[in-house]
2 protein chains.
Amino acid sequence: MATSFAEENYLKIIYRLSESTLEDISTNAVAELTQTKAASVTDMLRKLAEKGWVNYQKYQGVRLTEEGEKIALSVVRKHRLWEVFLVEKMGFNWDEVHEIAEQLEHIESEALINKLDEFLDFPKTDPHGDPIPNKEGILPELSYVLLSDLKENKACVLMGVAKDSAIFLQLLTRLNLSLGAKLMVKEINPFDRSVSVSINDSEPVFISHEVAKNILIKLG
Amino acid sequence: MATSFAEENYLKIIYRLSESTLEDISTNAVAELTQTKAASVTDMLRKLAEKGWVNYQKYQGVRLTEEGEKIALSVVRKHRLWEVFLVEKMGFNWDEVHEIAEQLEHIESEALINKLDEFLDFPKTDPHGDPIPNKEGILPELSYVLLSDLKENKACVLMGVAKDSAIFLQLLTRLNLSLGAKLMVKEINPFDRSVSVSINDSEPVFISHEVAKNILIKLG
DNA sequence: ATAAATTTTTAGCCTCGACTAAAAAATATT
DNA sequence: AATATTTTTTAGTCGAGGCTAAAAATTTAT
């Protein structure tokens, strides 16, 4: 079944919201990200449910079905591959590409996206560090990710460090950062790329980009 | 003023039709190329006229205004640059790219299209030999074009040959092809790329691709 | 446990861009 | 010149995807 531009956007946004929680996604949350009103979202969710792409019960929120997730992943794949293209080949900065990729992600051509993937040398992540699903819709296992590449509000666990100099490890200790610590990036400050991180659900503390890029973490 | 997907398509198609005639473009001609019905075209022409992009009087056909032509040229520029990209960088064949370019031509980003132009080394023509407007919307003067690169139903004049071997010129003479002859390609046969050409308004004759690609012509 | 506040849904309406059927204008034919 | 044919426009309708205002359900607070 063909998917419209609008449908693809809804599925993508529900997917994104599902990444950071196991709960059902609320109508309002979707409305905020789609830049529409709750009433419009309700309409669309009913339509998506009819097509079998989401499970939706009134007042109960929404979740993607397996089929819906497949479509969402293909949109996400296209979005992220185009972002790599824009940065690596077109020379855009990482902060300029989102809006353009929002348009390019709806171009319909399996052949094109697979050729693009090859042209870009099958990248595993986009310029923001988000993983790119392969053509089967499978997200690559990113065993280790740098804390500096993590998005806001993603749960993760500290798995190691990329530098083991004494002063660096002393700093980590002082910040209460130890192996196995549960981390969540609450805020990324564009000015100096410093991050505000909650450690084991505590109040967030500031960590410089220099430190963050030497911390290895595992998602989830 | 922002242009919708549909509006851009109409302007582009009116532009294409205007290329091969000086007369006003008929509602039916537009309907055929947009794959819509005449009634729908009438509606849209009224809207385009209101926005100042076409001159339109009921029953009199339509022409682009200067502003309308500017928009059309920017869509054509995008379409043709993306076609070059698809063939040169993505490895598509010249006959596979039209549908994908029909989608890509509506991506809205001046910055992207100019970077793409640069990435492709400022090509003058697309893979089908059509000229690519520059960023000011000016079509390059293609002083000489190969007959083999010409589209169907474009008037042109024989301006020279790319090969001057005796047997080649003898063949041209036999076909009544001489300098200054008025030519129009009536049909391109995909099988062997041979062309059926009307010479000085005569009944069309068949010319092989091998011959056509050695004939230099001037448009118009 | 009730009342208050918030979230979600319903109902009705709007614009865009298409459609069909019928009317009107333009063009072609005798 | 009158009639037949073709082209174009008008009138009315439809679906997609939005909106607002009001109603209903859920959640939070007292």
Side-chain angles (χ1 to χ4, degrees), chain A residues 1-14 17-18 20-64 68 71-72 75 102-103 105-106 108, chain B residues 1-15 17-18 20-21 23-64 68 71-72 75 102-103 105-106 108:
Chain A
M1 199 183 297
T3 50
S4 73
F5 197 103
E7 287 166 346
E8 287 189 355
N9 269 329
Y10 275 93
L11 293 173
K12 174 191 70 182
I13 277 161
I14 297 166
L17 289 166
S18 304
S20 27
T21 176
L22 295 170
E23 327 237 309
D24 290 3
I25 307 306
S26 76
T27 301
N28 262 0
V30 176
E32 197 170 330
L33 290 203
T34 49
Q35 316 243 59
T36 61
K37 295 302 159 74
S40 310
V41 173
T42 300
D43 282 353
M44 183 55 98
L45 294 184
R46 227 184 312 100
K47 287 178 199 167
L48 294 176
E50 254 166 48
K51 300 198 177 189
W53 297 332
V54 300
N55 290 123
Y56 166 64
Q57 310 273 44
K58 313 176 163 189
Y59 296 103
Q60 297 310 124
V62 69
R63 312 182 62 79
L64 293 175
I71 298 167
V75 177
E102 287 285 300
Q103 299 177 62
E105 73 189 7
H106 302 292
E108 193 181 313
Chain B
M1 199 183 297
T3 50
S4 72
F5 197 103
E7 287 166 346
E8 287 189 353
N9 270 329
Y10 275 94
L11 293 174
K12 175 191 68 183
I13 276 161
I14 297 166
Y15 176 82
L17 290 166
S18 304
S20 27
T21 177
E23 326 235 310
D24 290 3
I25 308 306
S26 75
T27 302
N28 262 1
V30 176
E32 198 171 329
L33 290 202
T34 50
Q35 317 243 58
T36 61
K37 296 302 160 75
S40 311
V41 173
T42 300
D43 282 353
M44 183 56 97
L45 293 185
R46 227 186 312 100
K47 287 179 200 167
L48 294 176
E50 254 166 48
K51 300 197 177 189
W53 297 333
V54 299
N55 288 123
Y56 166 65
Q57 309 273 43
K58 326 173 158 183
Y59 296 103
Q60 299 308 124
V62 69
R63 312 182 62 79
L64 294 176
I71 299 168
V75 177
E102 287 286 301
Q103 299 177 62
E105 73 189 7
H106 302 292
E108 193 182 312

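In the text below, chain A, chain B and the rest are named by the order of the sequence lines, each starting its count at 1. From a predicted model like this one, the values you see are computed outputs, not experimental measurements.
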Side-chain N or O of [X] closer than 4.0 Å to phosphate OP1/OP2 of [N]:
X: A/S4; N: D/dG17; result: yes
X: B/Y10; N: C/dC16; result: no
X: A/S40; N: D/dC19; result: yes
X: A/T42; N: C/dT9; result: yes

Which of residues 43-55 of chain B sit near DNA chain D, with a heavy atom under 4.0 Å from it?
B/R46

Given atom CD1 of A/I13 and atom P of D/dG17, what is their separation to the nearest angstrom?
14 Å

Rounded to the nearest Å, what distance is computed from the CG atom of residue B/D24 to the P atom of nucleotide D/dT8?
11 Å

Sequence-distant partners of A/Y59, ring-ring contact (aromatic ring centres under 6.0 Å, His included), two or more places apart:
none

Where along residues 25-33 of chain A does a heavy atom fall under 4.0 Å from DNA chain C?
A/S26, A/T27, A/N28

Those residues at least two apart in sequence (or on a different chain) that pass salt bridge (Lys or Arg N to Asp or Glu O under 4.0 Å) with A/K51 are A/E7

Just jot down the salt bridge (Lys or Arg N to Asp or Glu O under 4.0 Å) partners of B/E102, sequence neighbours excluded, or say none.
B/K12

Who passes side chain to side chain donor-acceptor pair (under 3.5 Å) against [X], sequence neighbours left out?
X: A/N55; value: none
X: B/T34; value: B/T36
X: A/N28; value: none
X: B/S18; value: none

Heteroatom pairs (N/O) under 3.5 angstrom, protein to nucleotides 22-27 of chain D:
| from | atom 1 | to | atom 2 | distance (Å) |
| --- | --- | --- | --- | --- |
| D/dA25 | O4' | A/Y59 | OH | 3.4 |

Residue pairs, two or more places apart or on separate chains, that pass salt bridge (Lys or Arg N to Asp or Glu O under 4.0 Å) and touch residues 23-34 of chain A:
A/D24-A/R63

Pairs under 3.5 angstrom only: tabulate donor-acceptor contacts from the side chains of residues 37-49 of chain A to other protein residues two or more places apart or in another chain.
| from | atom 1 | to | atom 2 | distance (Å) |
| --- | --- | --- | --- | --- |
| A/T42 | OG1 | A/A38 | O | 3.2 |

